Chemist: 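Before I ask anything, here is the structure I am working with.
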Amino acid sequence: MSYYLGSFLLIAIGLYTVIIKKNLIKIVIGLNFIASGVNLLIVSIGYVKNGTAPIFSKIGINPSAMVDPIPQALTLTAIVIDASELALAVAFVVLLYRHYGTLDIKKIRSLKW
Amino acid sequence: MSILDWIYLAIVSIGAVLAVVRMVKGPDVTNRVVGLDVFTTITVALFVFFAMIFDRYIYIDVALVYGLLAFIGVLVIARFIERGF
Amino acid sequence: MIYISWILIVLMLVLSILSIQLKNLIAAVVAMGAVSLIISLLFLMLQAPDVAMAEASIGAALTMIIYIIGIRETERSEK
Amino acid sequence: MIRKIVYSIFLATIVLSLVMFFAAFPFGQNKMSVGEYYLNHGVAQTGASNIVTSVVVDYRGFDTLGEVSVLFGAAAGVAILFFVLGENRRKRREQVAPNFIVRVGSRIIFPFILLFGTYIFIHGHLTPGGGFQGGAIIASGFLLLYLAYPGTTVNRSRLSMVEGLAGITFIVLGLYGLLMPESSFLYNFLPKGELNALLSSGILPIIYIAIGFKVAAEFAGIIDDMMCEVICRGGEK
């Protein structure tokens, strides 16, 4: 239960950052928080009480006492993709800074709203 | 979990909380970086502890990853602060 | 075990709020590294060692260097 | 001020709807039936003792191929943004050389990081870990080299050759499965072996090793683009 609540609040904090903050690097940090919160939520859906990891490395381990492997497999690749697209986002931020000379999205003319 | 495990867990949790307090309070970046370093070391101990109480010793690989790589993150910020790269 | 998960989640939320409120961007990145560390611990407590190892190996050094290079090329603090 | 209040109400609505939605999925109860099936039959069908590996590489192997392509796209995007669109006219800042401890310590620990990354992706079907994690660890080792010896550069043509060979290995192994009697992409045609042995579970370790090389090469390329942008190549232009 605590995991659900923590991941909801982490997603909310990330959304707050993306909406309210003006600094572009802070916005990228907020996107990273949203991704982490969603990963935590998906893994915690697959948890089974008193379960163990889905690895048959020990003798006499029971498949019914294992957690669900599919959410883990989904998040495993999602984390690596997050890191690479974070690099892409930072590259965009650097180019925007070189073009406009500022990180404030209020001052970047075409992103004004 | 025996009583000894609970004592161990309490001591490690107090250490983690104190490191986070330093990261929240720390007036400068360098204080926060030292807080992160201490927190990483404590967390490696927590990883090994979880491997012990869950009775799956293959979890220790995760602690090895942090023990081998965590100093690189601190080194990045330290080199940046001293105008390294 | 439920107590330690509550402690870790409260620490995670405190560090994430700290990370978005700090004016100095390098300090914000340091706090974000600590959030990634705690999330990796939570993955291990949810019995997902593969995901915990992915988060550890990505979050320990790679995200840190990407953000720091972004800050190096731009500005060090949020005005 | 009014903006903050409006967005706070919006966020509260989102969190509330998430809470109401996830009240239908109680924490720590039963699994989905697909996961149940994979847990019961995964060892017999793929021969890997780590079920997460068999889901990532075998059952959902086609998704992993797409995901590796996304990774390639992101790495290529970083390179394009920095080298084609970017203007390389930033001046060099003054640098402080790394001290003795950092240089010698990184020279000692760098082979161990490479060894550990290799261990992680070779044993991907037995222990936690695999190609993605091992590749990230190896890329972190290259990052350490960049930090300790400024001016280091990796051979980009060799890097792209490693990356291409790894991708070709993945696709050729997948296409070879189409020639088998049960023709399907990524059909596991090698013998399964016995459980918990290093040479077991057919083509899974080979594919994970290929993924490890590919991820390591791509992250090393991203780091090379970002670290080396001015120092190594800025003068040439």
Side-chain angles (χ1 to χ4, degrees), chain B residues 1 5-6 9-10 12-14 16-17 19-21 23-40 42-44 46-51 53-54 56 58-81 83-85, chain C residues 1 3-8 10-15 17-19 21-72 76-77:
Chain B
M1 286 169 68
D5 291 343
W6 281 111
L9 197 57
V12 173
S13 310
I14 290 171
V17 171
V20 172
V21 165
M23 289 181 69
V24 173
K25 268 178 68 178
D28 204 357
V29 179
T30 47
N31 304 59
R32 293 199 167 95
V33 174
V34 172
L36 178 67
D37 206 5
V38 173
F39 190 52
T40 311
I42 289 170
T43 310
V44 172
L46 264 180
F47 276 120
V48 178
F49 178 71
F50 286 147
I53 62 170
F54 290 141
R56 297 299 299 267
I58 48 177
Y59 288 7
I60 290 180
D61 284 3
V62 186
L64 271 174
V65 173
Y66 259 117
L68 201 53
L69 294 186
F71 80 100
I72 299 178
V74 178
L75 186 63
V76 166
I77 295 172
R79 290 280 294 151
F80 180 71
I81 288 173
R83 299 198 165 274
F85 57 87
Chain C
M1 285 325 281
Y3 308 111
I4 185 81
S5 76
W6 275 112
I7 291 173
L8 286 176
V10 169
L11 288 185
M12 179 184 80
L13 293 175
V14 166
L15 281 170
I17 291 173
L18 178 75
S19 165
Q21 291 295 342
L22 281 173
K23 292 293 177 194
N24 191 339
L25 288 176
I26 300 172
V29 171
V30 171
M32 204 208 64
V35 171
S36 157
L37 189 66
I38 296 178
I39 286 177
S40 170
L41 260 176
L42 290 177
F43 281 143
L44 193 80
M45 289 179 67
L46 285 169
Q47 310 289 337
D50 292 89
V51 188
M53 191 179 281
E55 182 77 36
S57 57
I58 294 287
L62 285 178
T63 53
M64 206 83 102
I65 186 70
I66 289 169
Y67 275 116
I68 289 293
I69 286 173
I71 291 169
R72 181 190 72 168
R76 280 182 72 150
S77 68

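Here the structure is a predicted model, which means the values were calculated and not measured. Proteins come first, then strands; the chains are lettered A, B, ... in the order of their sequence lines, and each starts at number 1. Note: hydrogens, waters and symmetry copies are ignored here, and every other heavy atom, side chains too, is used.
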Chemist: Closest approach of B/M23 and C/A31, non-hydrogen atoms and distance?
Modeler: CE-CA, 4.0 Å

Chemist: Taking side chain as everything from C-beta outward and backbone as N, CA, C, O, which of these in B/F54 sits under 4.5 Å from a heavy atom of chain C? Side chain, backbone, both or neither.
Modeler: side chain

Chemist: Is there a side-chain contact between C/Q47 and B/F50 in this structure, where contact means two heavy atoms from C-beta onward sitting under 4.5 Å apart?
Modeler: no

Chemist: Dump the intermediate steps for side-chain contact (heavy atoms from CB on, under 4.5 Å) on B/R32 and C/I26, then the final yes or no.
Modeler: CA-CA 10 Å; B/R32 293 199 167 95; C/I26 300 172; over 6 Å; no

Chemist: So what's closer than 4.5 Å to chain B heavy atoms on C/V10: side chain, backbone, both or neither?
Modeler: neither

Chemist: Less than 4.5 Å to any heavy atom of chain C: does that hold for the side chain of B/L69, its backbone, both, or neither?
Modeler: both

Chemist: So which of B/V12, B/V33, B/I72, B/T43 has the largest heavy-atom pair count under 4.5 angstrom toward chain C?
Modeler: B/T43

Chemist: Going from CG on B/L64 to CE on C/M53, what distance comes out if it is rounded to the nearest 0.5 angstrom?
Modeler: 8.0 Å

Chemist: Report the residue from C/L41, C/D50, C/L44 that forms a side chain to side chain contact (heavy atoms under 4.5 Å, CB included) with B/V62.
Modeler: C/L44

Chemist: Please classify the contact of B/I53 with chain C as side chain, backbone, both or neither, using a heavy-atom distance under 4.5 Å.
Modeler: side chain

Chemist: Is C/L62 close to chain B through its backbone or its side chain, or both, or neither, when contacts mean heavy atoms under 4.5 Å?
Modeler: neither

Chemist: What part of B/N31 gets within 4.5 angstrom of chain C, counting heavy atoms only: side chain, backbone, both, or neither?
Modeler: neither

Chemist: Measure C/S40 against the heavy atoms of chain B and call it side chain, backbone, both or neither at under 4.5 Å.
Modeler: both

Chemist: For residues C/M64 and B/L36, determine if any side-chain heavy atom of one lies less than 4.5 Å from a side-chain heavy atom of the other.
Modeler: yes

Chemist: Out of curiosity, B/K25 NZ to C/L18 CG, how far, rounded to the nearest 0.5 Å?
Modeler: 13.5 Å

Chemist: Hey, what do you get for OH (C/Y67) to CZ (B/F80), rounding to the nearest 0.5 Å?
Modeler: 15.0 Å

Chemist: Does B/S13 reach the side chain of C/I4, with side-chain heavy atoms less than 4.5 Å apart?
Modeler: yes

Chemist: Using non-hydrogen atoms only, which part of B/V24 is less than 4.5 Å away from chain C: side chain, backbone, both, or neither?
Modeler: both

Chemist: Name the region of C/L37, side chain, backbone, both or neither, that has any atom closer than 4.5 Å to a heavy atom of chain B.
Modeler: both

Chemist: Just so I know, are the side chains of C/S57 and B/Y66 near enough to count as touching, which here means a heavy-atom distance under 4.5 Å?
Modeler: no

Chemist: Tell me the closest heavy-atom pair linking C/A56 and B/V65, and the distance in Å.
Modeler: CB-CG1, 4.0 Å

